[in-house]
Amino acid sequence: MHQSTCNVACDDPLGRSPEALHSIAHADTFADMFKKSLALSMVLVGAVAHAQLGDGQNTFTHADTLRGSIGPYRAWWNVVGYDVTVRPDFETRSIVGRTIIAFDAVEAGGRMQIDLQQPLVVDSIVADVAEFKDGAIAVSYKTIPFSREENVIWVDLPQAMKKGEATTITISYHGVPRAARNPPWDGGWIWKKDEQGNPWMSVACQGLGASVWYPCKDHQSDEPEYGANLHITVPDSLQAIGNGRLRNKQKNSDGTTTWNWQVKNPINTYNLVPYIGKYTHFHEDFVGVKGPLDLDYWVLAFNEAKAREHFKQVPLMLKCFEEWLGPYPFYEDGYKLVEAPHLGMEHQSAVAYGNKYQNGYLGMDLSGTGRGLLWDFIIVHESGHEWFGNSITTADIADMWVHEGITQYTEVIYTECQQGKEAAEDYVIGLRNKIGNRSPVIGPYGVNQEGNGDMYPKGANLMHTIRHIVGDSTFKAMLLEMNRKFYLKVTTSAEIEDFMINYNERTKAMLNKSIFDQYLRTTQIPVLEWGIFKRALWARWSDDTPDLKMCGGFMRNGQSRSVPLGTSFRRIASGVAKETEVGIDRNWYIDTKRVNRKTIKAHRSMQPRVITDPVW
C-alpha cells in the first residue's frame, strides 16, 4: 500500500509524477484488494510496538540452484501481486522500469531473494514501513540496502516480518535487457520492425525467466493470488497490449501514452508480457459454458483482413475444449490472440500468435499424416495451455510434461472434434516419429531444468495410451474433473499421476505408478512379447522393464480388448493356430515382439504354476 503519513500532497520519494501515481492507483488494482490484508498486518505490527527447457545437462551450478529451488530466502514469503511499469526505448534497445511486489509472510523472515537478470541495473529499492507513532499506525517509505550476486538481488528488510504480516517493496531499475536470439526458444526482449518498418517489440522468456526484464520471484511455484498490473509507456503512434483487460490509457505530455492492463487471476511470471506495435483491434462474443466470454484480437493493422478470416476457427476450438476440458479458465480476464514477432507462446489471456495466418505448424503437419493441416497449430496448442500450464501449473519445470504433453493431447482432442476419432488417432500416432527416447521426460528437480523435448509427443502418447486403457468415457470425465480439482492450482507430476490412478474404481484397477514411471522416468518403451504355445495365445511385458503392470491392447474381429499384463506370461486365448498373426491395437504406444514356443515354455517353467483362464 503506497500511502504516506501526510494529510496533504507529499513528494513521492521515487520521483513519480502525480499522473504516474494516478495511473497505478485505479480503484480495482490488486493494491486495493491487498489493502485489507496489509492493514491487518499493520495492526499486528502496532500491537507489538505498543506492549516477514532442455536435454542432456547434468552439471549444475550454484546459480542454477538459486534460480530453480525454493531456498530459505524465497520460502518464507508469498507473492500476492505484481505491479509492473516499463518504458522501452526502441532506438537504444533499453528499458526503464519499476516493479511493486506485494507479498505476505508465510513464516517469519527478513531477507529476500529477488531475481533480476544482468545486465539490468537496480537504481533503488523502497519498502513500505509500518510504525506505531503517537498512538496510531503510520506507513512511510524507506530506501533499503541491497546487494547483487549475478542474477539475484539480496534484500534485507528494515523490519523483520512475522508470519501473517504483509507489505510491499518497490524496485526501480533500468538498462539493456538480454535480446532474444531465436525467440521463443532462445528468448529475451524482442526488438524488430514489421513489414512496413514500424517498431515491433515483445518479450519471450519461458525457461529463461521473467527476471530477464522485470524483478520478481522467478519460480513457477509462486503465482500472485491477486494477479498483476502491467503499465506500458510507448510513443503515441504505437499500441501497447498486455495480459488481461485494458483498464485505461493515459496520454502523457511527452508524446507517449501509458496503457494500463490488469490481470485478476493468478499468473505465471513468464506469462506476463508486453506487445508493442502498430496494432488494430477487433472483438467478438463467445457464448461459453459460464456465459459470455470476450474474444479480442490485436493484429498488425495491415493483416486485419487475413486475421478476421483466419481466426474464425477460435470459437470452434473453444467450444470443443470446453466440452472436453471444462470452462475456459479465465473468463474474468477474457481471451486474446495477439500477433507477435515470434512463432507463439501461451501468454495467459494474451496468447502470442505468429504462425503467419496458415494452418499447421508454419504450414507443416508435425504428425506427417495431413490431419494437422486443417487447423492452426499455434492457435490450438497455445490456447490449450490456458488449461494445462496456465490454470494447472507445475511447481518445478522438471514436470513440464504436464504442461506440454497434455496440451499436445488437446491437439488430438480438437482433431477429433473437427475430423472424427480415426483422424485423431492418426494424428497422435503420427507424432511418435518425433520421439527420440534419449533421456527421460521428467528432468532434474530444483535447478530450473526441463526434461527431454519428448515431453510433447511422448506425453501426448502416454495420455492416449491411458485413454485406451481406461476407456473413452472414463478418460473424458477424468479430464473434466482434473481441470475442476486443479483449477488455478500449482501442483506436481506426482499429484497429477496420483489423481489419474485414483480417479475412480476403474482407474484404480487399471492404472498404477509403474505405468507413469515407465513413460516419464525411463527411456524404455514397453515391449509386448506374445506367442503361440499349445494352441494358446500367451503375452507379457518384457522383463527388460521389471515390475511393469499395464493393460495391453489386442485386436479381435475389429474390436480392441484391453488385457491386464505383467512381466510373467499370461494365457490370453485358447484354440489359436500357430500361424495366427495377432493384432495389437495401434493406440498403445508400445513395441511388440513375437517370441517362439521355446521362449514361452522356458519362462513358464520358471513361473509359479498358476492356472490362468483365457481372456477370449
Side-chain angles (χ1 to χ4, degrees), residues 1-3 14 16 20-42 52 74 76-86 97-106 109 112-116 125-130 139 141 153 155 157 161 164-173 209-211 213-232 242-248 258-274 329-330 332-333 347-350 390-391 393 488-490:
M1 183 172 75
H2 290 271
Q3 294 178 342
L14 300 181
R16 294 172 287 193
L21 286 171
H22 175 74
S23 74
I24 64 169
H26 43 279
D28 51 0
T29 63
F30 75 79
D32 296 289
M33 294 183 282
F34 183 62
K35 190 182 298 181
K36 291 182 180 180
S37 175
L38 184 56
L40 177 59
S41 169
M42 293 174 184
Q52 182 197 239
R74 277 175 161 176
W76 70 267
W77 58 283
N78 165 67
V79 178
V80 175
Y82 288 106
D83 191 291
V84 179
T85 299
V86 66
R98 181 196 65 243
T99 295
I100 303 169
I101 304 176
F103 63 98
D104 56 20
V106 295
M112 303 176 71
Q113 174 188 333
I114 297 173
D115 306 289
L116 183 67
I125 302 179
V126 175
D128 287 342
V129 179
V139 182
Y141 299 110
I153 309 166
V155 177
L157 298 176
M161 295 178 65
E165 294 177 351
T167 190
T168 69
I169 60 171
T170 301
I171 304 167
S172 298
Y173 62 101
S211 58
W213 75 279
Y214 71 95
C216 58
K217 183 194 281 189
D218 205 353
H219 196 272
Q220 206 160 265
S221 66
D222 195 354
E223 297 182 351
E225 285 95 315
Y226 292 144
N229 299 315
L230 179 56
H231 315 283
I232 315 161
N243 309 77
R245 295 186 184 274
L246 180 64
R247 309 310 302 175
N248 56 60
T258 300
W259 297 62
N260 299 305
W261 296 84
Q262 180 188 29
V263 181
K264 291 188 175 181
N265 286 287
I267 184 170
N268 297 336
T269 52
Y270 78 84
N271 271 333
L272 186 68
V273 296
F330 307 110
E332 301 88 347
D333 295 319
H347 299 146
Q348 182 176 313
S349 69
N390 298 348
S391 175
T393 304
L488 301 184
K489 292 288 197 310
V490 175

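Note that these values count all heavy atoms, side chains included, but never hydrogens, waters or copies made by symmetry.
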_Going by the rule side chain to side chain donor-acceptor pair (under 3.5 Å), which residues pair with Asn271 if we only count those two or more places apart in sequence or in a different chain?_
Asn390
_Closest approach of Gln220 to Thr393 (non-hydrogen atoms, all atoms of both residues)_ = CG-CG2, 3.6 Å
*Taking it one step at a time, do Thr258 and Ile232 satisfy side chain to side chain contact (heavy atoms under 4.5 Å, CB included)?*
CA-CA 5 Å; Thr258 300; Ile232 315 161; over 6 Å; no
*State, yes or no, whether a side-chain contact exists between Leu272 and Tyr214 at a heavy-atom distance under 4.5 Å.*
yes
*Residue pair Met112 / Ile169, side-chain heavy-atom distance below 4.5 Å*: yes
_Close side-chain approach of Trp261 to Pro274, heavy-atom, < 4.5 Å_ = no
*Shortest non-hydrogen contact from Leu230 toward Gly242*: CD2-CA, 4.1 Å
*Just do the side-chain hydrogen bond (donor to acceptor under 3.5 Å, both in side chains) check on Ser172 and Arg98 with the steps written out, would you?*
CA-CA 4 Å; Ser172 298; Arg98 181 196 65 243; 6.0 Å; no
*Hey, are the side chains of Ile101 and Trp77 touching, using non-hydrogen atoms and a 4.5 Å cut-off?*
yes
*Taking only residues two or more places apart in sequence, or in another chain, which ones meet Ser221 in a side chain to side chain donor-acceptor pair (under 3.5 Å)?*
His219
*Indicate the atoms forming the closest heavy-atom contact of Val263 with Gly244, along with that distance.*
CG2-N, 3.8 Å
_side chain to side chain contact (heavy atoms under 4.5 Å, CB included) assessment of Tyr173 paired with Thr99_ = CA-CA 8 Å; Tyr173 62 101; Thr99 295; 3.8 Å; yes
*Report yes if some heavy atom in the side chain of Ile153 is under 4.5 Å from a heavy atom in the side chain of Ile125; otherwise report no.*
yes
*asked:* Applying side-chain hydrogen bond (donor to acceptor under 3.5 Å, both in side chains) to Asp115 and Ser211, what does each step give before you reach the verdict?
replied: CA-CA 6 Å; Asp115 306 289; Ser211 58; 5.6 Å; no
_Beyond-backbone contact of Phe103 with Asn78, side-chain heavy atoms, under 4.5 angstrom_ = no
*What's the verdict on side chain to side chain contact (heavy atoms under 4.5 Å, CB included) for Tyr270 and Asp218, showing C-alpha distance, side-chain angles and the deciding distance?*
CA-CA 8 Å; Tyr270 78 84; Asp218 205 353; 5.8 Å; no
*For the side chain of Asn243 and the backbone of Val273, is there at least one donor-acceptor N/O pair under 3.5 Å apart?*
yes
_Side-chain heavy-atom pair Arg245, Gln262 within 4.5 angstrom cut-off_ = no
*Go through the structure and list residues passing side-chain contact (heavy atoms from CB on, under 4.5 Å) with Leu488, not counting sequence neighbours.*
Asn265, Pro266, Phe330, Ser391
_Selection residues 222-232 - residue pairs positive for salt bridge (charged side-chain N to carboxylate O under 4.0 Å, His left out), sequence neighbours left out_ = Lys217-Asp222
*asked:* side-chain hydrogen bond (donor to acceptor under 3.5 Å, both in side chains) for Asp128 and Thr168? Distances and angles first, verdict last.
replied: CA-CA 6 Å; Asp128 287 342; Thr168 69; 2.5 Å; yes
*Measuring from Asn260:CG to His231:NE2, what's the distance to the nearest 0.5 Å?*
5.5 Å
_I'd like to check the side-chain contact (heavy atoms from CB on, under 4.5 Å) partners of Pro224; sequence neighbours left out, ordered by chain and number._
Val79, Tyr82, Ile267
